[in-house]
Amino acid sequence: MGSLENERKTTGWAARDPSGILSPYTYSLRNTGPEDVFIKVICCGICHTDIHQAKNDLGMSNYPMVPGHEVVGEVVEVGSDVTKFTAGDIVGVGYVVGCCKNCSPCNTDREQYCAKKIWTYNDVYTDGKPTQGGFSGSMVVDQKFVVKIPDGLAPEQAAPLLCAGVTVYSPLNHFGLKESGLRGAILGLGGVGHMGVKMAKAMGHHVTVISSTDKKKTEALDHLGADEYLVSSDTEAMQKAAESLDYIIDTVPAFHPLEPYLSLLRIDGKLILTGVINTPLQFLTPTVMLGRKSIAGTLVGSMKEQEEMLAFCKEKNLTSMIEVVKMDYINTAIERLEKNDVRYRFVVDVAGSKIDDQ
């Protein structure tokens with residue numbers, strides 16, 4: 001095994017300013033340590049959050065920034081204290097790569113809510129170096145935040161599960177919504193939404209897809225297996241569906257009113273927000289109070305949930321619907337994603353792309 005003491009360099013595609021346009025960028029990887037895993041990236045999914053970050057939509061971006069947090073790669077080397085992985089393993093990295101390891105969330109398998117968590121990119125690691133994401137040739141990651149990809153699950157299929165998949169699995173798990181027979185809905189049919197339909201159906205739920213138009217009706221019902229399709233602008237249909245749902249997973253990453261969807265929930269129903277939105281949402285409190293309804297948020301998932309989710313997907317033979325692209329297509333892919341012109345997740349073939357610095 002080669003020495004892990006030497007600093008390495010790699011090349012990724014970085015945003016340099018709020019235009020969000022990515023271009024090749026060579027940088028040093030942080031110094032590796034005994035619990036670190038050195039990973040050669042195979043592929044990485046593109047998420048709406050990558051766009052928000054690259055374009056500074058949340059006002060917190062630092063440049064140069066290499067996005068990407070649905071990362072699948074091959075372990076090249078491991079530190080002396082690494083026990084979970086060996087060279088040659090196919091592994092995944094999600095949206096978090098560090099935490100304090102001492103607080104209540106960290107000690108109860110909820111490390112994604114640690115106040116000192118470290119994001120996979122657009123953050124600063126404990127050594128003071130900026131973190132950079134998976135649109136790159138390689139990464140160095142603490143073994144705690146690396147997950148084994150189950151045998152038989154193709155890397156490009158696994159990548160979207162590390163954000164889109166676990167973002168849906170985690171609230172279903174946490175809020176006790178895994179038992180069969182529930183009636184749920186997925187609001188928004190994109191990368192997260194399509195995995196929500198698949199997972200909820202695999203759990204035995206009656207699943208309704210809610211969308212603003214009927215453009216995706218055939219896909220939702222015939223390709224993804226949804227039971228019903230509800231157009232939110234159809235007032236009559238929305239009224240007919242009132243108080244019929246146990247939960248709604250809201251995946252829409254843009255401003256939208258909440259009251260029309262709260263009216264669809266039964267008593268004690270839950271509206272669970274997963275989309276990153278940079279403008280305030282509003283609702284009238286009686287809409288919630290009169291049915292003891294809940295509005296909740298959720299953030300990706302814990303490493304324990306990552307492992308459970310991947311095992312569940314393998315058991316149920318669940319895969320994401322993807323379009324694989326090369327790295328030099330990434331800016332076009334981002335433009336298309338902003339227009340919802342993808343079914344349903346772009347995955348960048350990093351290992352099969354030529355990445356040159358410029």
**Student:** Mind listing the closest non-hydrogen atom pair of Lys9 and Ser28 along with its distance?
**Tutor:**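 Between these two residues, the closest heavy atoms are NZ-OG, 3.1 Å.
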
**Student:** Determine whether Leu22 and Val347 fall in the same hydrophobic cluster, where Ile, Leu, Val, Met, Phe, Trp and Tyr are linked whenever their side-chain heavy atoms lie under 4.5 Å apart.
**Tutor:**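 No, because Leu22 and Val347 fall into different hydrophobic clusters, even though each may have its own neighbours under 4.5 Å.
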
**Student:** Under 4.0 Å between a Lys/Arg side-chain N and an Asp/Glu carboxylate O for Lys101 and Asp142?
**Tutor:**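 Looking at Asp142 together with Lys101, the answer is yes, because their closest N to O distance falls below 4.0 Å.
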
**Student:** In the structure I gave you, are the side-chain heavy atoms of Val71 and Met139 within less than 4.5 Å of one another anywhere?
**Tutor:**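 When only atoms from C-beta onward are counted, Met139 and Val71 do touch, with a gap below 4.5 Å.
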
**Student:** More than 12 foreign heavy atoms under 6.0 Å from NZ of Lys148: is that the case here?
**Tutor:**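 Yes, enclosed.
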
**Student:** Would you say Val168 ends up clustered with Leu265 if hydrophobic residues are merged whenever their side chains have heavy atoms under 4.5 Å apart, either directly or through other cluster members?
**Tutor:**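 Leu265 does not cluster with Val168.
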
**Student:** Look at the side chain of Gln132 and the backbone N and O of Pro64, then say whether any donor-acceptor pair between them is shorter than 3.5 Å.
**Tutor:**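 Looks like yes, one N/O pair under 3.5 Å.
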
**Student:** Would you mind reporting whether Phe255 and Asn278 have side-chain heavy atoms less than 4.5 Å apart?
**Tutor:**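 In short, these two side chains do not touch, never coming nearer than 4.5 Å.
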
**Student:** Is it the case that over 12 heavy atoms from other parts of the model lie below 6.0 angstrom from the CD1 atom of Ile21?
**Tutor:**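 Counting other residues, nucleotides and ligands, CD1 of Ile21 stays at 12 neighbours or fewer.
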
**Student:** Hey, is Asp81 close enough to Lys84 for a salt bridge, meaning N to O under 4.0 Å?
**Tutor:**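 Salt bridge flag = no for Lys84 with Asp81.
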
**Student:** Using a 4.5 Å cut-off on heavy atoms from C-beta on, say whether the side chain of Val66 contacts that of Trp13.
**Tutor:**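 When only atoms from C-beta onward are counted, Val66 and Trp13 do not touch, as no gap falls below 4.5 Å.
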
**Student:** Donor-acceptor pair, His194 side chain versus Gly191 backbone, under 3.5 Å?
**Tutor:**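 Yes; judged by distance alone, with no hydrogens or angles, the pair exists.
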
**Student:** Is it true that a side-chain atom of Lys117 and a backbone atom of Gly98 form a donor plus acceptor pair closer than 3.5 Å?
**Tutor:**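 Judged by distance alone, no pair lies under 3.5 Å.
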
**Student:** Any salt bridge between Arg183 and Glu228, counting N to O under 4.0 Å?
**Tutor:**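 The answer is yes: the pair qualifies as a salt bridge.
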
**Student:** When you look at Glu308 and Tyr169, which way does the side-chain hydrogen bond (donor to acceptor under 3.5 Å, both in side chains) test go after all the steps?
**Tutor:** CA-CA 9 Å; Glu308 291 176 358; Tyr169 181 88; 3.2 Å; yes

**Student:** Tell me whether the count of non-hydrogen atoms from other residues, nucleotides or ligands lying under 6.0 Å of NZ in Lys40 goes above 12.
**Tutor:**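 Not more than 12 within 6.0 Å, no.
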
**Student:** Is there a side-chain contact (heavy atoms from CB on, under 4.5 Å) between Val348 and Tyr329 once you walk through the steps?
**Tutor:** CA-CA 9 Å; Val348 180; Tyr329 189 79; over 6 Å; no

**Student:** Are Tyr247 and Val252 co-members of a hydrophobic cluster defined by side-chain heavy atoms under 4.5 Å apart?
**Tutor:**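 No, separate clusters.
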
**Student:** Would the distance check show the side chain of Gln157 and the main-chain N or O of Ser320 forming a donor-acceptor pair, the cut-off being under 3.5 Å?
**Tutor:**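 Confirmed, Gln157 side chain pairs with Ser320 backbone.
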
**Student:** Give a yes or no on whether Val78 and Phe145 share a hydrophobic cluster (residues Ile, Leu, Val, Met, Phe, Trp, Tyr; joining criterion: side-chain heavy atoms under 4.5 Å apart).
**Tutor:**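 Shared cluster, yes.
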
**Student:** Are any side-chain N or O atoms of Asp89 and backbone N or O atoms of Thr86, one a donor and one an acceptor, separated by less than 3.5 Å?
**Tutor:**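 Between the backbone of Thr86 and the side chain of Asp89 there is a qualifying donor-acceptor contact (under 3.5 Å).
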
**Student:** Passes side-chain contact (heavy atoms from CB on, under 4.5 Å), Met321 versus Lys198? Steps please.
**Tutor:** CA-CA 10 Å; Met321 296 177 67; Lys198 289 192 168 195; 4.0 Å; yes

**Student:** Are the side chains of Asp349 and Val325 in touch, meaning some heavy atoms are under 4.5 Å apart?
**Tutor:**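 In short, these two side chains do not touch, never coming nearer than 4.5 Å.
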
**Student:** Indicate yes or no: does Arg343 engage Glu219 in a salt bridge with an N to O separation below 4.0 Å.
**Tutor:**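 So Arg343 pairs with Glu219 through a salt bridge.
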
**Student:** Do Glu77 and Arg8 sit within salt-bridge range, that is, some charged N less than 4.0 Å from a carboxylate O?
**Tutor:**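 Arg8 and Glu77: salt-bridged.
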
**Student:** Start with the C-alpha gap between His205 and Asp227, add the side-chain angles, then the distance that decides, and say whether side-chain hydrogen bond (donor to acceptor under 3.5 Å, both in side chains) holds.
**Tutor:** CA-CA 9 Å; His205 298 181; Asp227 298 288; over 6 Å; no

**Student:** If you apply the rule side-chain hydrogen bond (donor to acceptor under 3.5 Å, both in side chains), what do you find for Asp50 with Tyr121, and how did you get there?
**Tutor:** CA-CA 10 Å; Asp50 296 323; Tyr121 64 89; 2.6 Å; yes

**Student:** Evaluate the side-chain proximity of Leu281 to Leu273: yes if any heavy-atom separation is below 4.5 Å, no if none is.
**Tutor:**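 When only atoms from C-beta onward are counted, Leu281 and Leu273 do touch, with a gap below 4.5 Å.
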
**Student:** Please name the pair of heavy atoms, one in Met195 and one in Ala164, separated by the smallest distance, quoted to 0.1 Å.
**Tutor:**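 Scanning both residues, the minimum pair turns out to be CB-O, 4.3 Å.
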
**Student:** Can a donor-acceptor pair be found, under 3.5 Å and without considering hydrogens, that links the side chain of Asp341 to the backbone of Leu337?
**Tutor:**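 Answer holds: no.
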
**Student:** Are any side-chain N or O atoms of Lys314 and backbone N or O atoms of Asp151, one a donor and one an acceptor, separated by less than 3.5 Å?
**Tutor:**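 Indeed, once roles are kept as given, a pair shorter than 3.5 Å links the two residues.
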
**Student:** Quick one: do Ser302 and Tyr113 satisfy side-chain contact (heavy atoms from CB on, under 4.5 Å)? Show the steps, please.
**Tutor:** CA-CA 9 Å; Ser302 68; Tyr113 298 112; over 6 Å; no

**Student:** What side-chain donor-acceptor pairs closer than 3.5 Å can you find for residues 210-217, not counting sequence neighbours?
**Tutor:**
unit_1: Thr213; atom_1: OG1; unit_2: Lys215; atom_2: N; d: 3.3
unit_1: Lys216; atom_1: NZ; unit_2: Leu189; atom_2: O; d: 2.8

**Student:** Would the distance check show the side chain of Thr10 and the main-chain N or O of Ser138 forming a donor-acceptor pair, the cut-off being under 3.5 Å?
**Tutor:**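 Checked: pair present.
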
**Student:** Can you find a pair of side-chain heavy atoms, one from Phe346 and one from Arg336, that are under 4.5 Å apart?
**Tutor:**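 A side-chain contact exists here, since the closest heavy-atom pair is under 4.5 Å.
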
**Student:** What pairs of donor and acceptor atoms, side-chain ones from residues 235-243 against any protein atom, are under 3.5 angstrom apart with sequence neighbours left out?
**Tutor:**
none

**Student:** Quick check with a 6.0 Å cut-off and a 45 degree axis cone: is Arg30 positioned over the face of Tyr125's six-membered ring?
**Tutor:**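 Geometry flag: set, cation within 6.0 Å and 45°.
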
**Student:** Should Asp246 and Arg266 count as an ion pair when the cut-off is N to O under 4.0 Å?
**Tutor:**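 So Asp246 pairs with Arg266 through a salt bridge.
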
**Student:** According to a hydrophobic-cluster definition based on side-chain heavy atoms being under 4.5 Å apart (Ile, Leu, Val, Met, Phe, Trp, Tyr only), do Val342 and Leu162 belong together?
**Tutor:**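 Yes: a chain of side-chain contacts under 4.5 Å links Val342 to Leu162.
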
**Student:** Do you know which of Val75, Val82, Val141, Leu29 makes side-chain contact (heavy atoms from CB on, under 4.5 Å) with Phe38?
**Tutor:**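 Only one of Val75, Val82, Val141, Leu29 forms a side-chain contact (heavy atoms from CB on, under 4.5 Å) with Phe38, namely Leu29.
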
**Student:** Are the aromatic rings of Tyr95 and Trp119 close, with centres under 6.0 Å apart?
**Tutor:**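 Yes - the distance between ring centres of Tyr95 and Trp119 falls below the 6.0 Å cut-off.
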
**Student:** Begin from the C-alpha positions of Glu305 and Asn173 and carry the test side-chain hydrogen bond (donor to acceptor under 3.5 Å, both in side chains) through to its verdict.
**Tutor:** CA-CA 8 Å; Glu305 288 173 324; Asn173 177 57; 3.0 Å; yes

**Student:** Side-chain contact test, heavy atoms from C-beta onward, threshold under 4.5 Å: evaluate it for Val288 versus Ser294 and give yes or no.
**Tutor:**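 The answer is no; the side chains never approach within 4.5 Å.
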
**Student:** Parallel, tilted or perpendicular, judged at 30° and 60°: which one describes the rings of Tyr25 and Tyr27?
**Tutor:**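 It falls in the parallel class, under 30°.
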
